Each structure stands twice: as structure tokens, then as C-alpha cells.
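All values below come from the heavy atoms of this structure, side chains included, with hydrogens, waters and symmetry mates left out. As the structure lists them, so they are numbered: ligands from 1, and atoms in each ligand from 1. Only a predicted model underlies this, so the values are computations on that prediction, with no experimental measurement involved.
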Amino acid sequence: MHDETLCLKRGDPPETFDSLVTPVHRASTIVFPTVAAYQARRETIYDGYSYGLYGTPTSRALELQLAGLERAAKSLVVQSGFAAIVVTTLACARSGQQVLFPDCAYDTVRPFAANFLGGLGVEAVFYDPLLGEGIESLLTDRTALVWVESPGSMTMEVQDIPAIAAAARRRGIKVAADNTWATPLRFKPLDHGVDFSMTAISKYINGHSDLIMGAVSVADEALYRRLKDFCRYLGYGVSADECSLALRGLETLAVRLDRCEASALTLARWLQSQPFVAEVRHPALASNPGHDIWRRDFSGATGVFSVLVHPWARNGLAEAIEGLEHFAIGASWGGVHSVVAVLDAPPPRTARPFEHDGPLLRFSIGLEHVDDLKADIEGSFSRLSADARPSTEILS
Ligand SMILES: *Cc1c(COP(=O)(O)O)cnc(C)c1O
């Protein structure tokens, strides 16, 4: 054989190797032992291997592990959390039908609904996240899917998912949950009547702020096949390298969550008494909308919560945030580093106006020592409280 050919010959090392880690299987082309196997490859997109886009042993390993945590028949990984929202929605709704979203949905949902679903003839209806079984009055013969997101992005309302799911189920309508905040370690949507449990792996499951991925889990094999078909039509896929990183993140998820949860609760409770704070939104605080439901349905909290800031504290807020040493300014969350997102006002609502007109801070608490985080906020915000607070409020 010539050197040119030898350069292309795959070596066959002994097969007895095993390690504790799922190997990274990179592939576009997948090869078949026979012509018959090649010709039957379409059937293997669901559980086997036909083309790198449809799955590798690395992505299947991640899906199997997620399915175990979700108590699902099947999980499906896709290239982002938002891609998981898109494929679930498109797999359920046809032209002429409606999809319901909570008013507190992840922010890209609104432009997606207005500019993309609208163009397909699918109507998005936004609803008050706290309406519980009152969702019944919004369900029609045209409703194809109800999304829930609990707690809601930025404003942290906890939804009565079992009541919403029961109302939808009575009419044969599917329910999808964006469970990114809780992760399957704190809430298992499929155990509460939900059909599609979606999570952004980009956040806690990976946990290291260095990849984008999402997943949808279902209790029903037929739904899984439908989702997988739509992933094929849309050209969705994930890389084995990133699945390998997600698998590594998953190994430490439980201990990371325990630490983030404890530190966040300490800070949330302390922040409640700070002068610039109008309200702290954290599901574990008794004042949080839906707190009793959170106690009933969730097995714990995580490290993300919001602070509604008094309007008078707008002056000097940017300086206070920029003065923080241990918090990066950013939108994403769920990693080992603490991050804060700063909004000049709560995100727009259409179902029911939001009753706060000051800034909103959304903290994602990482693994730094909680005393350092508290001292950081205390130091950087002390001037804000002293300088910016109007004298009338100090007197009253
Ligand atoms: C980040 C996020 C998403 C989207 O996930 P990406 O992987 O960033 O696309 C969806 N829902 C919620 C609640 C999120 O926080």
C-alpha cells in the first residue's frame, strides 16, 4: 500500500479500553457494514446512527442521562435552549392555531411570536402567569399548545403548572414547560402533567458559561419521534465536543446547585432590608408571587433571583453595578461565576401590566464565597443608598 493510502487507514487499537468518561465521537459521515444497513439508515435517526447531524454516541449518552433525570421516555438535545422552544412549538402548531405563552416568558419569545409564528399563521396569545386553572377561559378549539415558564424570566412568578396542565389535558391540548431555572433536580415537569419539558443546557446543566445547548424531554415515544422529525426538517444538530462538555457539567450539577441555592437565599433575604430595594423576587421568599405553589411542587431553589429597585435609585445605579468586583454584567446565567443583568424597567407585558416602574436587577449567584459577594454589594451600593435616596424618603 502506498503512503497516501496509509495516511487514510483507520488503525484498530485493542478494544478493551474503558474509562469513566463518555468519549467524544466526532462524525459527519457514519459508515455501515452492509448495503442493506445503509439503505435502512433513515429508521435509525431515532435511536441509532445514520448521520452525524442526527446523533452520535456522545449525544445519545447525554440524552439518556437527561431522560433519567426528567423521568422521561426520551430526551432530545438541540443546539440551543431557544432552538428547543422553536422545535417544540413548530412540532405542535399549524397555521390557524394558537399557542399560549406566559407574560413572563423568556424575552426572545415575543419577537419570535410576532415576527415568525405570525408569518406562519400561528397566533401567539400571552396570558397572566398567575391565572392557574383560570387558563380554562383562554383555551379554544384552535389552541394547539400552552407554554409555561416557572418561575418566570426576570419577574419570578411561580405558576400553578398542575392546574394549567390539567385544564389543557381535559381539552387534549399539549403543555410545554421551560424548566431552565429549576433544572430537573428541583422540579420534574413530566411528573406534573406537562408533555414537553424544555431546558437550556447553556445554563445550570453545563454550568460553566462556555457552551450553548438545549433539550426537550417527553414521556411519550410518539412525541419524541415527531420532535426528531422536525429537528431533521429544520436541520438541527449538536456537536459531540459540546455534548462532552455538557456531560462534564452534569456531573457536578447537584453540588453546584446546593451551593448556589444557599448563597442566593442568604443574599436575597439580606437584600430585602436594603434601602434601594423595593422588592426581592425569589420563589423561596414568602412574599414572592406563587410562593405556596413553589413549596408544594418544587424540591428546592437555585441561584437566580431578581431585585425590583426603587425608581429614585436609578441615579447612580450603573456606577454601583460597575463598581462590583465579583459580579460580571451579562444576560446569561447558571454558571460558576456570579452575574448580574440590569434592566432599566421590567420587560414589557401585554396580558396584565406589571406594577413596578423602577429598574430590575437579575442576579445569578455563582460559587464565590457568599460573604465576599455580600461585602461586594454592600460596598458598591452604600454610596447609592446614601447619595441618591431622596431626603423626603429618609425623613418619612
Ligand atoms: C437562556 C434561556 C433560554 C434560551 O437558552 P439558549 O441556550 O441561550 O438559547 C430559554 N429559556 C430560559 C428561561 C432561559 O433562561
Exercise for the section: Please determine which of Val238, Ile205, Asn206 meets the side-chain contact (heavy atoms from CB on, under 4.5 Å) test together with Leu211. Expected result: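 Only one of Val238, Ile205, Asn206 forms a side-chain contact (heavy atoms from CB on, under 4.5 Å) with Leu211, namely Asn206.
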Exercise for the section: Report the member of Ser364, Gly152, Ala200 with the shortest heavy-atom distance to atom 5 (O) of ligand 1. Expected result: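 Nearest option to atom 5 (O) of ligand 1, by heavy atoms: Ala200.
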Handout entry: Lys NZ or Arg CZ of Arg225 over Tyr46 ring: under 6.0 Å, within 45°
Key =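 Verdict for Tyr46: a cation-pi partner in Arg225.
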Handout entry: Test: Arg349 cationic atom under 6.0 Å from Phe126 six-membered ring centre, within 45° of axis
Key =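 That pair does not qualify as a cation-pi contact.
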Practice task
Rounded to the nearest 0.5 Å, what's the gap from CG on Asp160 to NE2 on His192? Could you check?
Solution key: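 Going from CG on Asp160 over to NE2 on His192, the span is 10.0 Å.
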Problem - Spatial distance of atom CD (Gln79) from atom CG (Leu234) [nearest 0.5 Å] - result: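 Result: 8.5 Å between the selected atoms.
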Handout entry: Taking atom 2 (C) of ligand 1 as the reference point, the nearest protein heavy atom with its distance
Key =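 Looking only at protein heavy atoms, the one closest to atom 2 (C) of ligand 1 is Lys203 NZ, 2.5 Å.
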Exercise for the section: Identify, for atom 11 (N) of ligand 1, the protein heavy atom at the shortest distance, and state residue, atom and that distance. Expected result: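 For atom 11 (N) of ligand 1, the nearest protein heavy atom is Asp178 OD2, 2.6 Å.
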Exercise for the section: Classify the side-chain pair Ser287/Glu279 by whether it contains a donor and acceptor separated by less than 3.5 Å. Expected result: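 Judged by distance alone, the side chains do not pair up.
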Exercise for the section: For Thr58 and Arg26, test the side chains for any donor-to-acceptor distance below 3.5 angstrom and give the result as yes or no. Expected result: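 Absent: no donor and acceptor within the cut-off.
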Residue-level breakdown please: for [X] versus ligand 1, do any non-hydrogen atoms fall below 4.0 Å on the side chain, on the backbone, on both, or on neither?
X: Ser202; result: side chain
X: Ser153; result: side chain
X: Phe82; result: both

Any idea which atoms of ligand 1 are less than 4.0 Å away from a heavy-atom of [X]?
X: Trp333; value: 15 (O)
X: Gly81; value: 4 (C), 5 (O), 6 (P), 7 (O), 9 (O)
X: Glu149; value: 13 (C)
X: Ile212; value: 7 (O)

Handout entry: Trp181 heavy atom under 4.0 Å from ligand 1
Key =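 It does not; every heavy atom stays at 4.0 Å or beyond.
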Problem - Any N or O of Ile85 closer than 3.5 Å to N or O of ligand 1 - result: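 No: no nitrogen or oxygen of Ile85 is under 3.5 Å from one in ligand 1.
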Practice task
Would you mind reporting whether Leu69 and Leu250 have side-chain heavy atoms less than 4.5 Å apart?
Solution key: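 Side chain of Leu250 against side chain of Leu69, heavy atoms only: contact under 4.5 Å found.
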